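Below, chain A is the first sequence line, B the second, and so on; all start at residue 1. Heavy atoms only: backbone and side chains are in, while hydrogens, waters and symmetry mates are out. Given the structure is predicted, the values throughout are model-derived calculations rather than measurements.
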Protein chains: 2
Amino acid sequence: MASLPVVNQPVHRSGALLDQLARRVRLRSESVLAPLGLRVRHLIALTVLRDRGGCTQQALATTLEIDGTNIVGLLNDLEAENLIARRRSPEDRRRHVVELTDAGAKRLAKAEFALAAVEDEVFAALSDAQREALYGLLQQALGTGDDGCVAAID
Amino acid sequence: MASLPVVNQPVHRSGALLDQLARRVRLRSESVLAPLGLRVRHLIALTVLRDRGGCTQQALATTLEIDGTNIVGLLNDLEAENLIARRRSPEDRRRHVVELTDAGAKRLAKAEFALAAVEDEVFAALSDAQREALYGLLQQALGTGDDGCVAAID
DNA sequence: TAGATGGTTTGTGTTGCATCAATGATTAGC
DNA sequence: GCTAATCATTGATGCAACACAAACCATCTA
């Protein structure tokens, strides 16, 4: 790390490719999610809540890098459909802890089932193993799995 | 393929993670690209043109999955800065072949250099080898490398 | 008790689209 | 040669997903 090896191979930048691929998934996901009453932004929030367990609104906003006032609106959508539940944190009653409801988990599962065709289409050039590798890299890069978005619940 | 092996491990959906990670890169890239007179959407177009060589506007629109009228505006931005050149295709004079100029290639290189810190930050949890693996998977998924967006030039 | 924090509502503005209509130049097919 | 189709262009409209600001209430901290 201290002494960088000078290699002939130029460093590849993944950012633009990431954005492109994400867009391809997103464009196809929208029409699949619409009949389920979901937007991509909803799906992402549900995914985070499922993968990381419950967390405060602020922590969710930080994780998703969305402004706090916009998180309110997003969560209002989800709460209106009973897909999430907000409750006051016992440690600090200013805070809401947000959790996936059973209905939310089911909706998410249904959405993911419906998105199979999307991923099959967009990742057509990748084998199952490569898709799994991609998932692992994305998860690791996002820091998903080891800690919740914030340790929120006792 | 005909008989799916039933495995205990549920299939992971990468779409939401992709979108999240792409957003993280994008949000940080914007302020890095702005002093270079570029937007993320510009960067992506430049990247495609560099990686795939010149192609027609329509092919570029298809590759980026952006509507033809919006591609016109995007390319107008880039052409105004002399980063791309449009010329009539000899095979079909209705078509423009779009190519990166030298100035465009330099601007792109400068942008990618500037984006090093962004990628270091967002991909902090990935090793160099993992970042390279991610790049390879993204490239393969996008179908970059073997064919241009369309074989356009003789 | 005063200041800070978390959430909420409301409003404004920007960006990146999709879509549409109309136009001109060019090509393809009859 | 003529008609219909294609490619690019301009301009307009509308939507979604934000960022940001202001104001407010409830709650916490020092």
Side-chain angles (χ1 to χ4, degrees), chain A residues 16 19-20 22-31 33-34 37-45 54-80 84-99 149-150 152, chain B residues 16 19-20 22-31 33-34 37-45 54-80 84-99 149-150 152:
Chain A
D19 213 278
Q20 269 187 84
R23 177 179 163 79
R24 285 194 189 176
V25 175
R26 195 182 335 118
L27 289 180
R28 289 158 180 74
S29 300
E30 283 162 349
S31 52
L33 293 175
L38 293 176
R39 291 269 166 79
V40 169
R41 62 201 297 266
H42 296 137
L43 177 83
I44 293 170
C55 58
T56 66
Q57 275 181 221
Q58 193 181 56
L60 186 61
T62 300
T63 299
L64 296 178
E65 302 206 22
I66 299 181
D67 177 70
T69 56
N70 292 319
I71 273 285
V72 171
L74 176 60
L75 292 177
N76 286 348
D77 294 344
L78 295 176
E79 196 179 31
I84 62 156
R86 283 161 157 134
R87 62 178 177 82
R88 288 290 170 184
S89 162
E91 285 94 32
D92 183 343
R93 296 191 56 77
R94 295 173 295 188
R95 302 179 160 201
H96 275 141
V97 176
V98 186
E99 284 171 319
C149 45
V150 150
Chain B
D19 214 277
Q20 269 188 86
R23 175 179 167 80
R24 284 195 189 175
V25 175
R26 195 182 335 115
L27 289 179
R28 288 158 180 75
S29 300
E30 282 162 350
S31 51
L33 292 174
L38 293 176
R39 291 267 166 79
V40 169
R41 61 202 295 268
H42 297 138
L43 178 83
I44 292 170
C55 60
T56 66
Q57 276 182 219
Q58 193 182 56
L60 186 61
T62 300
T63 299
L64 296 179
E65 303 206 21
I66 299 180
D67 175 71
T69 56
N70 292 319
I71 272 285
V72 170
L74 176 62
L75 292 177
N76 286 347
D77 293 344
L78 295 175
E79 196 179 30
I84 61 156
R86 284 160 157 134
R87 62 178 177 81
R88 289 290 168 184
S89 162
E91 285 94 31
D92 184 342
R93 297 192 57 74
R94 294 172 295 187
R95 300 177 163 205
H96 275 143
V97 176
V98 186
E99 284 171 320
C149 44
V150 151

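- Put simply, CZ on A:Arg88 is 12 Å from C1' on C:dT5, counting in whole angstrom units.
- Under 4.0 angstrom from either OP1 or OP2 of C:dG16 there lies at least one side-chain N or O belonging to B:Arg39.
- Shortest non-hydrogen contact noted between A:Ala16 and B:Leu43 is CB-CD2, 4.3 Å.
- When each of C:dC17, C:dT26, C:dG7 is scored by its nearest atom to the side-chain atoms of B:Arg93, the top-ranked nucleotide is C:dT26.
- If you check every strand for non-hydrogen atoms under 4.0 Å, B:Ile66 touches sugar and phosphate atoms only.
- Of all heavy-atom pairs spanning A:Ala22 and B:Ala22, the tightest one is CB-CB, 3.7 Å.
- Between the CD atom of B:Gln58 and the P atom of C:dT27 there is a distance of 15 Å, given to the nearest Å.
- Distance A:Glu91 CD to C:dT5 C1': 16 Å, rounded to the nearest Å.
- Residue A:Arg95 places at least one side-chain N or O under 4.0 Å from the OP1 or OP2 atom of C:dG6.
- Summarising the geometry, the separation between CZ on A:Arg86 and P on C:dG7 is reported as 9 Å, rounded to the nearest angstrom.
- With a cutoff of under 4.0 Å to any heavy atom of chain B, the contacted region of DNA chain D is bounded 5' to 3' by D:dA5 to D:dA19.
- When all heavy atoms of A:Thr63 and B:Arg24 are compared, the pair lying nearest together is O-NH2, 3.4 Å.
- The distance between atom CZ of A:Arg87 and atom P of C:dG6, rounded to the nearest whole Å, is 17 Å.
- Closest approach of A:Glu79 and A:Ile84 over heavy atoms only: N-CG1, 3.5 Å.
- Taking atom CD1 of residue B:Ile44 and atom C1' of nucleotide C:dG16, one finds them 11 Å apart after rounding to whole Å.
- Here the straight-line distance linking atom CD1 of A:Ile44 with atom CG of A:Leu38 works out to 11.5 Å at 0.5 Å rounding.
- Counting any heavy atom pair closer than 4.0 Å across all strands shown, B:Glu30 reaches no nucleic acid atom.
- Contact annotation: B:Arg94 does not reach the phosphate of C:dA28 (side-chain N/O to OP1 or OP2, under 4.0 Å).
- Within 4.0 Å of B:Arg23, counting heavy atoms only, lie sugar-phosphate atoms of the nucleic acid but no base atom.
- Applying the side chain to side chain donor-acceptor pair (under 3.5 Å) rule to A:Arg39 yields no partners; only residues at least two apart in sequence or on another chain are considered.
- Nucleotides of DNA chain D nearest to A:Asp92 and A:Glu65 differ in position, and the one nearer the 5' end is that of A:Glu65.
- Rounding to the nearest 0.5 Å gives a distance of 9.5 Å between CZ of A:Arg23 and CZ of B:Arg41.
- One can place NE2 of B:His96 at 11 Å from C1' of C:dA25, the figure rounded to the nearest angstrom.
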Polar atom pairs between nucleotides 19-23 of chain C and protein, under 3.5 Å, N or O only, would you list them?
unit_1, atom_1, unit_2, atom_2, d
C:dT19, O4, B:Thr69, OG1, 3.2

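- Checked for salt-bridge contact, A:Glu65 and B:Arg28 meet the test: a charged N lies under 4.0 Å from a carboxylate O.
- With contacts defined as side-chain heavy-atom distances shorter than 4.5 Å, the pair A:Arg86/A:Asn76 qualifies.
- Closest approach of B:Arg94 to B:Arg88, counting heavy atoms only: O-NH1, 2.8 Å.
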